[in-house]
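Everything below concerns the one structure shown next.
Below, chains carry the letters A, B, ... as their sequence lines are ordered, and counting in each starts from 1.
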Number of protein chains: 2
Amino acid sequence: MSTQSTLSPTSKRDDDRERLVVPFRDGGREQKALLGGKGANLAEMTRIGLPVPPGFIVTTDACRSYLALGEVPEHLYEQVEESLVELERTSGRGLGDPDAPLLLSVRSGAPFSMPGMMDTVLDLGATPTTVPGLTAMGGERFAWDVTRRFLEMFGRVVLGVSAEAFDHNLEQAIADAGVATERDLDPDQLEQVALAHRASISAAGAHLPEDPREQLRLAIEAVFRSWNGDRARAYRRVEGISDDLGTAVSVQQMVFGNLDDASATGVAFTRDPATGENVPYGDFLLGAQGEDVVAGTRAVEPLAGLGDHFPELHQELLEHMDTLEQHERDLCDVEFTIEAGKLWMLQTRIGKRSASAALRMAVEMVDEGLIDRDEAVRRVRPKQLEALLHPRFGPDAPEPLTTGLAASPGAAVGAICLSSAEAKDRGIAGEDVILVRPETSPEDLEGMVASVGLLTSRGGLVSHAAVVARGFGKPAVCGASELRIDAKAGTVTVGDTVLHAGDMLSIDGTTGQVTPGEVELEIPDDDPKVAQLLAWADERRALHVYANADTADDATRALAAGAEGIGLCRTEHQFLGDRLPLIQRMILSRSDEEEREVLVELEQQQREDFTGLFEVMDDKRVVIRLLDPPLHEFLPDLEELHIKAAMDEITDQERVLMEAAEQLKEHDPMLGVRGIRLGVLRPEVYRAQVRAILGAAADRTKAGGRPLPEIMLPLVGTSQELEWGVNLIHEVAAELRAAGEPEVEYTTASMIETPRAALRSGALAPHVDAFSFGTNDLTQLTFGLSRDDVEATYTPRALELKLLPVDPFRTLDPDGVGRLLKLAVDEGREAKPDLVTGICGEHGGDPDSIQLAHQLALTHVSCSASRVEVARLAAAHAAMEVTGPESSA
Amino acid sequence: MSTQSTLSPTSKRDDDRERLVVPFRDGGREQKALLGGKGANLAEMTRIGLPVPPGFIVTTDACRSYLALGEVPEHLYEQVEESLVELERTSGRGLGDPDAPLLLSVRSGAPFSMPGMMDTVLDLGATPTTVPGLTAMGGERFAWDVTRRFLEMFGRVVLGVSAEAFDHNLEQAIADAGVATERDLDPDQLEQVALAHRASISAAGAHLPEDPREQLRLAIEAVFRSWNGDRARAYRRVEGISDDLGTAVSVQQMVFGNLDDASATGVAFTRDPATGENVPYGDFLLGAQGEDVVAGTRAVEPLAGLGDHFPELHQELLEHMDTLEQHERDLCDVEFTIEAGKLWMLQTRIGKRSASAALRMAVEMVDEGLIDRDEAVRRVRPKQLEALLHPRFGPDAPEPLTTGLAASPGAAVGAICLSSAEAKDRGIAGEDVILVRPETSPEDLEGMVASVGLLTSRGGLVSHAAVVARGFGKPAVCGASELRIDAKAGTVTVGDTVLHAGDMLSIDGTTGQVTPGEVELEIPDDDPKVAQLLAWADERRALHVYANADTADDATRALAAGAEGIGLCRTEHQFLGDRLPLIQRMILSRSDEEEREVLVELEQQQREDFTGLFEVMDDKRVVIRLLDPPLHEFLPDLEELHIKAAMDEITDQERVLMEAAEQLKEHDPMLGVRGIRLGVLRPEVYRAQVRAILGAAADRTKAGGRPLPEIMLPLVGTSQELEWGVNLIHEVAAELRAAGEPEVEYTTASMIETPRAALRSGALAPHVDAFSFGTNDLTQLTFGLSRDDVEATYTPRALELKLLPVDPFRTLDPDGVGRLLKLAVDEGREAKPDLVTGICGEHGGDPDSIQLAHQLALTHVSCSASRVEVARLAAAHAAMEVTGPESSA
């Protein structure tokens, strides 16, 4: 939403009396922090004249006060009573009135959307004494159905009685009646169910107060408490929502989509939330309550079909939706109910959308004049853009086994996993798994997060699975109704085909296709709307976006993605593959002469590599890092050689390699002889690399190009080391000039990846033109934490216990690593005002880290080619100060 | 010296004309920066009326100017000429005067003593034309001997002709004459040598100017240049002397100890420099020049024997020495020469001394009323105290093979090494080697530094080997004249016993004993003077000194050494030895129950350990660190198990251990699951340890003791981790109270050993009572450098190239790690004013690091028991602002 500024928690009010309860007619959408998103939108719809069942909102102030004190604030129930009396008066009904009972929905509504994460109580006010009045409204069956539904929900949510007892009662009644579903039960049978429910509540030791006003108070407090439920906390952690906000509670007169044949209920979007196409989209069910649509337990009809049943109401709904979209200037979703031929709008919010839809709508709404370009750039989250760039099934993909709803775009390949717990464990352990479930619920959240894709056999595009998958940018296929899932047997069956848990499976959430085995995936063709949006984003960002690329091919891809230069070319990658034996010979060389001989050859090969790179990146900065990893990385595994030696199966050549590897073996290679230390001990290697770089630049210059190499020294710790390295570079440059090579422009850079380099940046800066923050190593050293060693052990547990505020390898740690970055930038610039600064760790492609980079006023970020587009958008968002998980939807 | 304030370089003078040349009579000891130590002392001796041959000093200003510009400053030779003319006038002799030639010594003299590191030219003024005049002074043989000596020295030092040519000429003459030494050559033969020397100079392409004034100018410039010679630079690096000071040059009238039978020369100390005993000590040679004594090439007579030859002059010398000692209030050494029955004082300086002598003199001079206690504490360097605490041969040591001079105290055991180059290589590689040489020269410096001890067959207590060894605190036995050393054959022979290079050898520099094989060494008994000096030091220090001790035995030793508490008790050491199988069972436990069972046993054992520790350290703070190392350190080596498995030789039990080790294996264990991360993943282990600590404290409390445990959490990175750990401690404490244990006092501490902890100290401090800086890990992480992996590879090379200012694992890096320390102390104290702070890394026993700790106003340092005394003294020095290598001698 664009009304960020109103979302800060409101703890004090101007008037003396706290705003604990606000009637719908007194609120508005600007009050989301106080009224919650749902409440504020209900008030807004009321304000602009849409048909909303009347009600009032218990504020987040009240909730926070309750959670802090353990009891409701002093005047809360006084204010609730005032609003309730007014509601009774305007509706002409009374809570608990046997003849004209008022039924209420009591729903949670936090400042940020947390779908399904907190509790709701419906049908409050349905008691044994109100059956006559309810019968008068919708008949005896309706009366008992409402009554038993209330008992189920109140019993579970407020009294904490297990849902199983109620399920059992209902199943028993269905079995006793010999019918298929509860919809076939008659009034008497439903009355028996209600009686059984009351008995179950008593049996569980819970006390059901008979006074509906008391029930209301308990329901409000239960909703308050659900803010701190496990599911809600887990969701907030993942979405980065503060635990301090609290939830509001809307208390609203119930309307019934299941009252009679002229009743229905549905959910709708003002545009297609999956594709963004400008056509209303939704589902409805005749004679049903709202939760039946969301739960995906009954087959819904598409919105377009509503006109067949209620042409005028359909038209009215479309008009209301248009009003809402114009009012919000964004995609809206609504819940509506038709009760006995009257349309009610029960809820609206800014609609969640797929990545493609976010992009399409952002660009099209600019064309439509609904929003400006700034707003369009704001509307697409970097994560969504990333999803857009996700792979899909290639054109040669085999015929799918079945097709479901394309619920969340992108394709994924992984092992079938039939339980969320298992998916969580295996996913965290690094395995690609696809979670396959009949449907999902908030309990499945962690398993969903850990999976590469989701497949459900039930539920629609607004089912839990689909909404959550889109939110997380995970591919999902939902409602693939041909699937038969047997978790106990560990099988997934479609017709005669039986797949087993652990089998590989491919899904394409853009098409809905489900294909056994590992389908080859394809990067999607450029969507011109991506280019359009990124062009707008480019105008708004301050950070340059470079790419990490090691070869001319990488660089070509990076250029296509919009990279403005190469921020990190790792030269060690040139030593792998065919050239490995050569570098091994260099390592094994016993004399300076032998070393020189090998280096001449390596130099020649590298020179060709760099010439190709400079050709692609003509007139663009190319930052080349001299050899960084410890030399033993170029040798075979020492343990394997030792085993061979122990078994007398070692060759002479292997023995030589073994001895070299023994000499180079290190306890902690990350902290050993690597980076510039390697250069100090093997200066000829660095000299050869510098000759190759500057020689290639000379070749390009002779060919009429304009190479802009920057030579970067890794793992610098002291200014003396840096000075040594820079002098070496300048010496080689002078030698090349002396040997008649043409003068080439070049600059020098220091990696800042040890804490000491950051702490000494003022002494380092005068020696070089640029700093590049190697945030992977810097994070590793600042925490004393190796990603490789703790990612599957300590990190997940620490995140769970909140001992690490974020995974510091995913998002730059602002307090520790960020402090070093700030210090280094400030002191580096003080010592050298025109110092170029950038990030070239994996954080360079992470939106939150890019925001930090922008705040530090770095010159650039550099990331893998595949993240360049995302980084361009994130850099624009940083410049526009777009923050928070709800920034665009 | 106590006149530190005068030692800063003087680059500007008050008068307009630069002070390029200062006659002896115009200077004084307060001008060491300008005149050099030697020149200032010559001037001072002149000032207090001692018989000093006249002369003048070319100042360090002139030298610095020459080194900066590459040529002598404008008025230098004008001023030299003025002083020279005065010298000619007062002496009645002329430079180059054939009848009454003036001969000069031209000697270097830096502000800090650099014995033998720079160049000297003697006998300048001896030319073919002055032979008649010289003959008149001391006969024809003297004339030619002086002439050929001048040619050798000037040729080598000023003209750069190789010494070999001159050696060859002399040896040839000796051989031709059929005599034993050059002393047996007659005047004609010496004249031939002089002629041969002139021919050698020409043959080497060098030009010998005939004008002695020109020779003087060249000699002065050669001495200037020798400031930047390799030997001088290496010495300064080791001693920490600035390269910017420059050297002065003293030009002094020569006097001759070899003039006639009434001539002699010698060196003497006002007290015994090896023992500190208050008796004059020295050596002399009849009819010899000074360098014959220092070089150790002729057998010297002890000073006491001088009275037999020159009773009056001996008495005069002792009086002069007494005058000097009273004047300097410190041990002085002097060079003296008797020329034709007249005593001349050629040089004096504050005498180098052994560690024992430094201690004895410091304490005795207080008793004598010569100095106060402050000065006594200043006079003993921490390094010297360390040497005093060095081991000696035990009482059961075998009969020595031979005995030499006890040149530098302490005993050492190592492999015989006959070349300095080899000693350097092997010593740096970590081997204990004893360098065995006929004598040493400045070229041997690096080999000497790398050896654990020195043994020479020639030279006395003032020989190069002895002086240098004392300076470095290395054990040395010198002048073991029974040794026959054959470097080529690789043998050392004494009588019939032949030792070979590589054989183990033991030497005791306190007794002079040399014993083949590995003698068992013994820590010396407490010298009451050590206790006396340390008692004085304790009154002067601000830092508390704690010890690192893991057991009650360690703690007992630490208490005896004066530790005020335990700054670090590492609990993992309690898991080794007998208890290893138990902790392995804990690691392998498959169920919580099994883990608990093992932990109960470990807890009981630890509780007993801690009870013992608290008993020893009653009423003293004991900081106990919870388990820190990665668990795989408690398992067998994985590679060995893999080899056994490959060879089918693995037992079932080993296979279980192998699987556990595979699970726990880490790429970089230093950065893996250790410290508090271990506690987070295995909280029951931490809980058991806390129960053991607090249970032991309860046991001691019940027994009437006063335990003061502090429980410390290792490798903390975030304030949330720390809070988690502290909560765990408090919970266990509450459980123990609830279980009826008596209330015990305890405090909590956080290790600050990750850069992040330092950067977040303000957030950490409120959770604990104390910070303890783990400077080993903090250094490792700040540099990204593992001591284990680079000490034999990168560190020596980086120190050589000055890429590392100091070895950061020996001395705290002030700029990087020190900055983090300062930040952490400042921000920690801001958040919690009464925060206790200390260092518990190996730096806690390093004098320079202790100085930094004092400057940061830390509460304490903690070091191994064996370094506690040194730390107490270093802490006093820090408080008294004693700095620099020459602070006490």
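- Annotation: the span from B/Leu759 atom CG to A/Phe783 atom CZ amounts to 10.0 Å, rounded to 0.5 Å.
- Contacts with chain A were tallied for B/Glu721, B/Glu639, B/Glu666; B/Glu639 has the most, counting heavy-atom pairs under 4.5 Å.
- For A/Arg819, the part sitting under 4.5 Å from any heavy atom of chain B is the side chain, from C-beta outward, and nothing else.
- Applying the 6.0 Å contact sphere to CD of A/Glu800 captures more than 12 heavy atoms from other residues, nucleotides or ligands.
- Put simply, of B/Thr718, B/Thr754, B/Leu785, the one with the most heavy-atom pairs under 4.5 Å next to chain A is B/Leu785.
- Without hydrogens or angle criteria, B/Thr782 side chain to A/Arg756 main chain gives no donor-acceptor distance under 3.5 Å.
- Atom-to-atom distance recorded for B/Asp815:CG and A/Arg760:CZ is 4.0 Å, nearest 0.5 angstrom.
- Interatomic distance, A/Met670 CE to B/Met670 CE, rounded to the nearest 0.5 Å: 15.0 Å.
- The candidate from A/Gly675, A/Ala757, A/Ala646 with the greatest count of non-hydrogen atom pairs under 4.5 Å with chain B is A/Ala646.
- For chain B, no part of A/Leu722 is nearby; none of its heavy atoms comes within less than 4.5 Å.
- A/Lys424 is linked by a side chain to side chain donor-acceptor pair (under 3.5 Å) to nothing, counting only residues two or more places apart in sequence or in another chain.
- Not counting sequence neighbours, the partners of B/His730 by the ring-ring contact (aromatic ring centres under 6.0 Å, His included) test are B/Tyr746.
- Contacts with chain B were tallied for A/Gly717, A/Pro630, A/Pro669; A/Pro669 has the most, counting heavy-atom pairs under 4.5 Å.
- The number of heavy-atom neighbours closer than 6.0 Å to CD of B/Glu662, taken from other residues, nucleotides and ligands shown, is above 12.
- Of the atoms belonging to A/Leu823, it is side-chain heavy atoms, and not backbone ones, that fall under 4.5 Å from chain B.
- Only the side chain of A/Asp813 comes within contact range of chain B, judged by heavy atoms closer than 4.5 Å.
- Of the listed residues B/Glu753, B/Lys802, B/Glu827, the one with more heavy-atom pairs under 4.5 angstrom with chain A than any other is B/Glu827.
- Surrounding CD of B/Gln855 are more than 12 heavy atoms belonging to other residues, nucleotides or ligands, all under 6.0 Å away.
- Of all heavy-atom pairs between A/Leu671 and B/Gln780, the closest is CD1-CG, 3.8 Å.
- Per-residue heavy-atom pair counts under 4.5 Å with chain B were compared for A/Arg797, A/Lys644, A/Glu723, A/Arg677, and the maximum is reached by A/Arg677.
- Heavy atoms of A/Leu681 lying under 4.5 Å from chain B belong exclusively to its side chain.
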